[in-house]
Amino acid sequence: MSRTKMIAGNWKMNKTFSEGQALAQQIVNGVGDSSVATVIAPPYYLLDAVRQIIGNQSNVFLAAQNCHQESAGAYTGEISATMLKSVGADYVIIGHSERRNHFDETKKMLAAKVNQAVAAGLKVIFCCGESLAAREDEAHNAIVKKQLRESLFHLYEKEIKNVVIAYEPVWAIGTGKVASPEQAQAMHKEIRKAVGNAYSDRIAQDMTILYGGSCKPANADELFAQPDVDGGLIGGASLKATDFLSLINKRASA
Ligand code: PEP
């Protein structure tokens with residue numbers, strides 16, 4: 001099994017230019033030769049600066065938080081996967097629940113974004129996760145598998161290898177309410193099984209699956225100890241270098 005352990009920080013719409021530079025520098029200085037793949041996802045205007053700060057640190061990667069579903073054209077204010085690649089991004093986050101909910105991103109748009117990213121040579125961090133109502137109705141497994149089938153599993157085998165899946169229960173994002181280690185493990189196992197059914201057991205075993213939703217140093221040990229939780233997609237706790245570095249260390253030693 002050659003699964004990459006990963007901690008990805010999604011800064012969302014936070015940090016000024018100088019604050020972002022300072023945070024990225026603290027992260028790059030702090031990771032050392034960690035075996036964990038660290039991903040930094042700053043807002044677009046910081047991508048180039050963070051790329052320069054990462055330099056040739058081979059265990060730190062750059063991600064964008066979104067891309068458009070078309071390759072170019074009259075889409076004022078948008079950004080294409082090719083543009084992100086040209087500034088040195090390694091990954092792009094697609095399907096974050098905040099984009100699905102606040103920007104009405106549909107399953108069709110997400111599938112097109114995934115295609116744009118893959119065509120541009122970017123790796124994808126694909127987010128999935130159920131609402132509180134779906135969890136209470138015990139529809140969570142069905143919903144998450146549907147999200148994967150509708151927007152991700154059309155990829156070819158050689159393409160899916162460049163995807164990381166992030167399970168982010170919507171009720172846990174930015175709420176301080178974290179999934180229990182058992183809930184996270186059960187869903188990650190279910191996702192891995194779905195990848196196995198859609199592709200192969202080998203691909204499923206190699207797939208990095210992150211947990212996201214109020215993950216912080218105080219609750220990370222138990223989450224990272226779960227056999228199918230390969231790391232975290234971190235929002236709030238990625239904005240403070242000490243917390244983010246602590247999560248990277250916890251992932252390395254779990
Ligand atoms: C996220 O938005 O991907 C996330 C996990 O946020 P938070 O850690 O703040 O819940």
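Throughout, residue positions are numbered sequentially from 1 according to the sequence presented. Atoms within each ligand, like the ligands themselves, are counted from 1 in listed order.
- The closest approach between a heavy atom of Gly213 and any atom of ligand 1 is below 4.0 Å.
- Take Gln147 and apply the side chain to side chain contact (heavy atoms under 4.5 Å, CB included) test, not counting sequence neighbours, and it matches Arg100, Cys128, Ile143, Val144.
- Polar contact check, Ile173 against ligand 1: no nitrogen or oxygen pair lies under 3.5 Å apart.
- In this structure, Ser97 has no heavy atom closer than 4.0 Å to ligand 1.
- The nearest heavy-atom contact from the protein to atom 8 (O) of ligand 1 is Gly235 N, 2.9 Å.
- Between Ser214 and ligand 1, a contact under 3.5 Å exists for at least one N or O pair.
- If you look at Phe153 and Tyr199, their ring centroids are closer than 6.0 Å.
- Side-chain atoms of Lys5 never come within 3.5 Å of backbone atoms of Ala252 as a donor-acceptor pair (strictly under, hydrogens ignored).
- Of all heavy-atom pairs spanning Asp33 and Asn59, the tightest one is C-ND2, 3.7 Å.
- Against a heavy-atom cut-off of under 4.0 Å, Gly212 is close to the following atoms of ligand 1: 5 (C).
- Residue contacts with ligand 1, taken as heavy atom pairs separated by less than 4.0 Å, do not involve Ala237 at all.
- Between the Tyr91 side chain and the Ile93 main chain, no donor and acceptor come within less than 3.5 Å of each other.
- Ligand 1 does not have Lys216 within reach: every non-hydrogen atom of the residue lies 4.0 Å or more from it.
- In this structure, the side chain to side chain contact (heavy atoms under 4.5 Å, CB included) partners of Met83, at least two apart in sequence or on a different chain, are Ile79, Ser80.
- Both cation-pi conditions hold for Arg99 and Phe103: the charged atom is under 6.0 angstrom from the six-membered ring centre and inside a 45 degree cone around its axis.
- For the side chain to side chain donor-acceptor pair (under 3.5 Å) criterion with Tyr167, the lone passing option out of Glu130, Glu190, His140 is Glu130.
- For the residue pair Asp230/His188, the side-chain donor-acceptor check at 3.5 Å is not satisfied.
- Nearest protein heavy-atom neighbour of atom 2 (O) of ligand 1: Lys12 NZ, 2.5 Å.
- Remark: ligand 1 and Ile234 share no N or O pair separated by less than 3.5 Å (distance only, no angle test).
- For ligand 1, the atoms lying closer than 4.0 Å to a non-hydrogen atom of Ala172 are 10 (O).
- Looking at atom 3 (O) of ligand 1, its nearest protein heavy atom turns out to be Glu168 OE2, 2.6 Å.
- Atoms of ligand 1 lying under 4.0 Å from any heavy atom of Gly236, numbered from 1 in the order shown and given with element: 7 (P), 8 (O), 9 (O).
- Checking side-chain atoms of Arg192 against main-chain N and O of Ala204 turns up a donor-acceptor pair under 3.5 Å.
- Close contacts of ligand 1 with Gly174, meaning ligand atoms under 4.0 Å from a residue heavy atom, involve 7 (P), 9 (O), 10 (O).
- Among protein heavy atoms, the minimum distance from atom 1 (C) of ligand 1 is reached at His96 NE2, 3.2 Å.
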